[in-house]
Amino acid sequence: MAEISDILIIGGGIAGLSAAAALSEQARVIVLEAEEQIGFHSSGRSATMLHYFLGDRLVRELTLASRGFFEDPPDGFTDAPLGHAMPVLIHAREDEREELDQLEADIALFARMDRLDRAGVAELCPLLKDDARYGIADRNGFRLDPHALLQGNLRQLRNHEGELHEKARVASIKRANGCWQISTERGDVYSAPILVNAAGAWADAIARLAGVRPLGLEPKRRTIITFDAPPGIELDGLPFAKTVGEELYFAPESGRLFASPMDEVPSEPTDAQPDEYEMALAAHRMEERTIVKVERIHSRWAGLRTFTPDRHPAVGFAPDAEGFFWLAGQGGFGLQTSPMMARIAASLISGNAWPINDVTEAELSPGRFFGQMA
Ligand SMILES: Cc1cc2nc3c(=O)[nH]c(=O)nc-3n(C[C@H](O)[C@H](O)[C@H](O)COP(=O)(O)OP(=O)(O)OC[C@H]3O[C@@H](n4cnc5c(N)ncnc54)[C@H](O)[C@@H]3O)c2cc1C
């Protein structure tokens, strides 16, 4: 016998769980997650920062509209804070100054930035070398707690009588009698009129299983290493520090430092593992830009950031299959945009009012990849 619900969501990452929490207010929702634990893939492997230096205007609008949720979550969502304050510093050498000026102009609408000279950069981040001559700082940066965020969404789902089924890898998807019929590898069967595809790097594979046209998603691997800070450096108060170009970021992490060479290596959807080359590159760039010597890599991980062809997320019903809803392509900003993305999904599925003024349905519509408007 099939288990019947109003909405089935494939994927127990931040996209699937935040949408589930929002949708379960008005519908019976079941989330199917292939792994034994939520957030096992991208959502558990991120740099966990909320900042405005990612993506373009649309991503910044979604981030800005999500921020209030993290600072003041709804009643009953969580007992733990969803993050803590951490300044964000973008630093530049002389030859990068123009790029910094342009970025500052782009960000001005979204965050109040302080312009820093060499002394200001050194005061905020004493680890940077002298050639970090210019900086812009967002003193209101926010470091997210992905565990609290995932658990909070799960709690909301359960409070609304929704369910999460783990170790439920979807193996087949068919449409029959106005419903999606889904079977898992273990042989469990589910049925619902609406299927939300929040399978992260696997979202195109899920579409193919359902006979739906894929979007051309590109999963890209990103690597992070952790290592010791130099003795005597006070880690509390250090910023999330990023080069103005896509070269390096680093920040304090559980009594050490973490760094990423901001790699974007094309990958199959998989349990991503760090590669020696990118780990060495992270250490090299850290030593190039800072006074830190990376003597020993303490830990390392990699995760996939999955992009649509225009690097904007895809949220909306598939133009070619009734009841098939895309929630994919969150790239490197899926945590920090998740509250607004979930509200947008709930608006399109449950008919709630459109929740954001400066982003249109057409900009997010999956149909844009097939020459169709929302
Ligand atoms: C190194 C790194 C740094 C990042 N830094 C930031 C940051 O600072 N800020 C930010 O906001 N974002 C950041 N991101 C991006 C963010 O992590 C992602 O955008 C977000 O996690 C995507 O969430 P998701 O739910 O779509 O994907 P996932 O978390 O990967 O979830 C998809 C889920 O679908 C499941 N699934 C797949 N196939 C099936 C199937 N057949 N059946 C059942 N389940 C299935 C998978 O098991 C998986 O759990 C970073 C990512 C990485 C890798």
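Counting starts at 1 for both ligands and their atoms, following the listed order.
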Does ligand 1 have a heavy atom under 4.0 Å from the side chain of R45, from its backbone, from both, or from neither?
-> backbone
What are the atoms of ligand 1, with element, lying closer than 4.0 Å to any heavy atom of Y249?
-> 3 (C)
closest protein heavy atom to atom 51 (C) of ligand 1 is R305 CG, 3.5 Å
Would a distance-only check, ignoring hydrogens and angles, find a side-chain to backbone donor-acceptor pair under 3.5 Å from T243 to G245?
-> yes
Any A201 heavy atom less than 4.0 Å to ligand 1 = no
Nearest protein heavy atom to atom 17 (O) of ligand 1, by residue and atom, and its distance?
-> S42 O, 3.2 Å
side-chain hydrogen bond (donor to acceptor under 3.5 Å, both in side chains) partners of residues 96-109, not counting sequence neighbours, each pair once | E96-R289, R97-Y134, D101-R115, Q102-D106, E104-R115
Sequence neighbours left out, what passes side-chain hydrogen bond (donor to acceptor under 3.5 Å, both in side chains) with Q151? Give chain and number order.
-> none
F324 and W180 aromatic ring geometry - parallel, tilted or perpendicular at 30°/60° bounds | perpendicular
Contact check, F40 vs ligand 1, heavy-atom distance below 4.0 Å = no
Aromatic rings F325 and F317: how do their planes relate, parallel, tilted or perpendicular, breaks at 30° and 60°?
-> perpendicular
Is any side-chain N of the basic residue among R112 and D138 closer than 4.0 Å to the acidic one's carboxylate O?
-> no
Electrostatic pair E218-K220, nearest N-O below 4.0 angstrom = yes
When you measure from atom 49 (O) of ligand 1 to every protein heavy atom, which one gives the shortest distance, and what is it?
-> E33 OE1, 2.7 Å
Is any NZ, NE, NH1 or NH2 atom of the basic residue among D358 and R60 found under 4.0 Å from an Asp or Glu carboxylate oxygen of the other?
-> no
Protein contact of atom 5 (N) of ligand 1 - nearest heavy atom, named by residue and atom, plus distance | A47 N, 3.0 Å
R256-H298 side chain donor-acceptor pair, cut-off 3.5 Å | yes
Report the distance from atom CZ of R311 to atom OG1 of T306, rounding to the nearest 0.5 Å.
-> 11.0 Å
Backbone, side chain, both or neither: what part of A198 comes under 4.0 angstrom of ligand 1, heavy atoms only?
-> backbone
Kindly confirm or rule out an N or O of I10 lying under 3.5 angstrom from an N or O of ligand 1.
-> no
Using heavy atoms and a threshold below 4.0 Å, how should the contact between W202 and ligand 1 be classified: side chain, backbone, both, or neither?
-> side chain
the protein heavy atom lying closest to atom 9 (N) of ligand 1 turns out to be M49 O, 3.0 Å
When the ring centroid of H84 is compared with that of F142, is the distance short of 6.0 Å?
-> no
Which is it for F258 and ligand 1 at heavy atoms under 4.0 Å: side chain, backbone, both or neither?
-> neither
What part of I14 sits under 4.0 Å from ligand 1 if we count only heavy atoms: the side chain, the backbone, both or neither?
-> both
Just go through A203, G303, S46 and tell me whose heavy atom is the nearest to atom 50 (C) of ligand 1.
-> S46
Check whether any side-chain N or O of R28 sits under 3.5 Å from a backbone N or O of I7 as a donor-acceptor pair, and report yes or no.
-> no
Any idea which of G55, A199, A205, A34 brings a heavy atom closest to atom 44 (N) of ligand 1?
-> A34
Measure the distance from atom 42 (N) of ligand 1 to every protein heavy atom, then report the residue, atom name and distance (to 0.1 Å) of the closest one.
-> V170 N, 2.9 Å
Look at ligand 1 and say whether G331 reaches it with a heavy atom at a distance under 4.0 Å.
-> yes
So, Q336 and T63: side-chain donor and acceptor under 3.5 Å apart, yes or no?
-> yes
Quick one: look at I38 and ligand 1, take heavy-atom pairs under 4.0 Å, and tell me if it's side chain, backbone, both or neither.
-> neither
Say whether I206 and ligand 1 are in contact under the criterion: heavy-atom distance to a ligand atom below 4.0 Å.
-> yes
At under 4.0 Å between heavy atoms, which part of A168 makes contact with ligand 1: side chain, backbone, both or neither?
-> backbone
Identify which of G334, A302, S43 has a heavy atom lying nearest to atom 23 (O) of ligand 1.
-> S43
